[in-house]
Amino acid sequence: TGLDIELLPDFRCEAHYKAEVDGELIEKTAVYFLAAVDKEAIKIQEEEIPDWWTLTYEEALAKLNFESDRNILRRAQYYCI
């Protein structure tokens with residue numbers, strides 16, 4: 001991404017789920033970390049990222065489809081308080 005970030009210590013969350021790949025159900029794991037970045041450094045390359053948004057915490061909670069993802073966001077919010 002070309003961004004200089006600072007990983008925030010001691011935050012790591014995993015989400016386990018199943019996905020169909022080539023007709024076969026496989027188990028997958030997504031790992032989430034928190035990072036800080038200077039928002040002025042973010043430059044959207046619209047030819048590579050056709051749709052993007054920034055959301056408030058409440059808007060992000062409402063946008064997520066799975067309770068497990070909402071729980072990860074809640075943990076991140078609690079970590080940052």
Can you give me every donor-acceptor pair (side chain of residues 13-29, partner residue at least two apart or in another chain, under 3.5 Å) with its distance?
| unit_1 | atom_1 | unit_2 | atom_2 | d |
| --- | --- | --- | --- | --- |
| Glu14 | OE1 | His16 | NE2 | 3.1 |
| Glu14 | OE2 | Arg12 | NH1 | 2.6 |
| Glu14 | OE2 | Arg12 | NH2 | 3.2 |
| His16 | ND1 | Thr29 | OG1 | 3.0 |

Determine all donor-acceptor pairs shorter than 3.5 Å in which one atom belongs to a side chain in residues 3-11; sequence neighbours excluded.
none

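Here CG of Leu34 is found 10.0 Å from CD of Gln77. Values are rounded to the nearest 0.5 Å. Here the CG atom belonging to Leu61 is positioned 9.0 Å from the CD atom belonging to Glu67, to the nearest 0.5 angstrom.
For the pair Asp69 and Tyr32, the minimum side-chain heavy-atom distance is below 4.5 Å.
Contact detail for Leu55 and Ala60: the closest heavy-atom pair is CD1-CA, 3.8 Å.
Few gaps surround CZ on Arg74; more than 12 heavy atoms of other groups in view lie less than 6.0 Å from it.
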